[in-house]
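First comes the structure, then the notes that go with it.
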Amino acid sequence: MTAPVFVVDRFHESGPGGRYVLDGPEGRHAVSVKRLQPGEDVVLTDGHGTWADCVVLDTEGKDRLIVQLDSLSDEPQPQPRITVVQALPKGDRGEVAVETMTEVGVDAVVPWQASRCITQWKGDRGAKSLAKWRATARESGKQSRRVRFPEVRDAMTTKQVVAFLATADFAAVLHEGRDTPSEPLATAELPDHGEIVLVVGPEGGVSPEELAAFETAGAKPYLLGPSVLRTSTAGTAAAALLMGRTGRWS
């Protein structure tokens, strides 16, 4: 089992001998929930790729973990980057999608207000939902032992998604329809570097108008396989396929 991961907002200077204090909510979780003991290994990260292998030296009270931190490391940005534009699902399926996409290694998630979405992110409800997605990415990043957590961006409209797709090095809309020919994603020609963007539609599917707009931006429809996946699992399955094909899982 790899060492547990804890998040620091930013790395402050270590004290004498490389002693570093993890406090606040993360320190409390390490001391009072995980009950870490001297000699155990932990990883500290800022969630943006800077991290450190540490060894527990001691604890103080209920929320201060004292570790030995000798040096910091930086994980480079993975290539190619994989971003998923995720249509808003119903209920808690959005958090499920973010959780599992984080586990497989997606680099960014863009919430998308598609025309056929039942869920609407407006006002306080939208802000709370976005905060839940971001908290899920953080917690899932820790659980899956990542040191670079996925960015959950502000929600986009279809017009904004079209502009975003136009900047991608490869863009695909996960879509299957009798009237829309779709190529297999498993055989698509992929770039070695840059950004890959996948669009996942809502349960009702991507509308013909949205498909046409996305295709003008260079995003063609692609098919995952013979079965139909739910919106909360399609992005995870597609990202896993691309992780293997691009060598990021090699």
Side-chain angles (χ1 to χ4, degrees), residues 80-98 100-101 104 106-123 125-127 129-130 132-134 137 150-191 194-242:
R81 282 175 49 83
I82 298 175
T83 295
V84 176
V85 175
Q86 173 67 58
L88 306 180
K90 296 181 291 185
D92 64 354
R93 289 187 176 275
E95 288 97 278
V96 172
V98 172
T100 54
M101 287 191 291
V104 301
V106 162
D107 301 296
V109 180
V110 179
W112 169 38
Q113 187 71 64
S115 63
R116 293 177 176 175
C117 285
I118 295 175
T119 299
Q120 299 287 319
W121 279 13
K122 295 180 179 179
R125 178 180 180 179
S129 297
L130 180 60
K132 285 182 179 180
W133 281 34
R134 287 173 172 165
E151 174 190 5
V152 178
R153 300 178 184 172
D154 291 341
M156 289 187 183
T157 64
T158 296
K159 183 177 180 180
Q160 290 171 321
V161 171
V162 169
F164 177 54
L165 291 174
T167 68
D169 297 278
F170 174 84
V173 183
L174 302 182
H175 179 77
E176 186 276 331
R178 293 181 179 178
D179 300 326
T180 306
S182 300
E183 299 179 21
L185 187 62
T187 57
E189 186 174 346
L190 303 173
E195 184 158 34
I196 293 174
V197 180
L198 300 172
V199 178
V200 179
E203 297 292 353
V206 182
S207 73
E209 294 78 15
E210 289 165 338
L211 278 174
F214 294 158
E215 192 149 13
T216 63
K220 297 192 300 184
Y222 284 84
L223 187 65
L224 269 178
S227 60
V228 177
L229 301 180
R230 301 201 68 158
T231 184
S232 54
T233 55
T236 301
L241 172 64
L242 296 183

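Because only heavy atoms are used, hydrogens play no part in the values below, and waters and symmetry mates are left out as well, while side chains stay in.
- Ser129 places no side-chain N or O within 3.5 Å of a backbone atom of Gly126 that could act as its donor or acceptor partner.
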**Report entry** Derivation of the side chain to side chain contact (heavy atoms under 4.5 Å, CB included) call for Val106 and Thr83
**Finding:** CA-CA 6 Å; Val106 162; Thr83 295; 6.0 Å; no
Requested in this report: Give the intermediate values and the outcome of ring pair (Phe, Tyr, Trp, His ring centres under 6.0 Å) for residues Trp133 and Trp121.
Outcome: CA-CA 12 Å; Trp133 281 34; Trp121 279 13; 5.0 Å; yes
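- Here the side chains of Leu223 and Leu185 are not in contact, with every heavy-atom distance at 4.5 Å or above.
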Which donor-acceptor pairs under 3.5 Å do side chains of residues 159-166 form with protein atoms, sequence neighbours excluded?
residue: Gln160; atom: OE1; partner: Thr157; partner atom: N; Å: 2.8
residue: Gln160; atom: OE1; partner: Thr157; partner atom: OG1; Å: 3.4

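- Summarising the geometry, atom CD belonging to Gln86 is positioned 14.5 Å from atom CZ belonging to Arg153; distances are rounded to the nearest 0.5 Å.
- The shortest non-hydrogen separation linking Pro80 to Pro191 is CG-O, 3.6 Å.
- Between Val197 and Ala168, the shortest heavy-atom contact is CG2-CB, 3.6 Å.
- Separation of atoms CE (Met101) and CG (Leu198) is listed at 9.5 Å; rounding is to 0.5 Å.
- Counting all heavy atoms, side chain and backbone alike, Thr100 lies closest to Ser232 at OG1-O, 4.3 Å.
- Glu195 and Asp169 make their closest contact through N-OD2, 2.7 Å (heavy atoms, listed as atom of the first residue, atom of the second, distance).
- A pairwise comparison of heavy atoms in Glu210 and Thr158 identifies OE2-OG1, 3.5 Å as the closest pair.
- Residue Val85 forms a side chain to side chain contact (heavy atoms under 4.5 Å, CB included) with just one option from Val199, Val109, Leu174, Val200, and that option is Val199.
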Query raised in the report: Could you walk me through whether Arg93 and Thr231 pass the side chain to side chain contact (heavy atoms under 4.5 Å, CB included) check?
Result: CA-CA 8 Å; Arg93 289 187 176 275; Thr231 184; 5.7 Å; no
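- Under the 4.0 Å criterion applied to side-chain N and carboxylate O atoms, Glu203 and Arg230 are assigned as salt-bridge partners.
- Side-chain contact of Ser115 with Glu209: a donor-acceptor pair under 3.5 Å is absent, judged by distance alone.
- For Glu215, there are no side chain to side chain donor-acceptor pair (under 3.5 Å) partners at least two apart in sequence or on another chain.
- Nearest approach of Val104 to Ala239, heavy atoms of both residues: CG2-CB, 3.9 Å.
- The shortest distance between side-chain heavy atoms of Val206 and Val173 falls below 4.5 Å.
- The CD atom of Gln113 lies 4.5 Å from the CG atom of Leu88; values are rounded to the nearest 0.5 Å.
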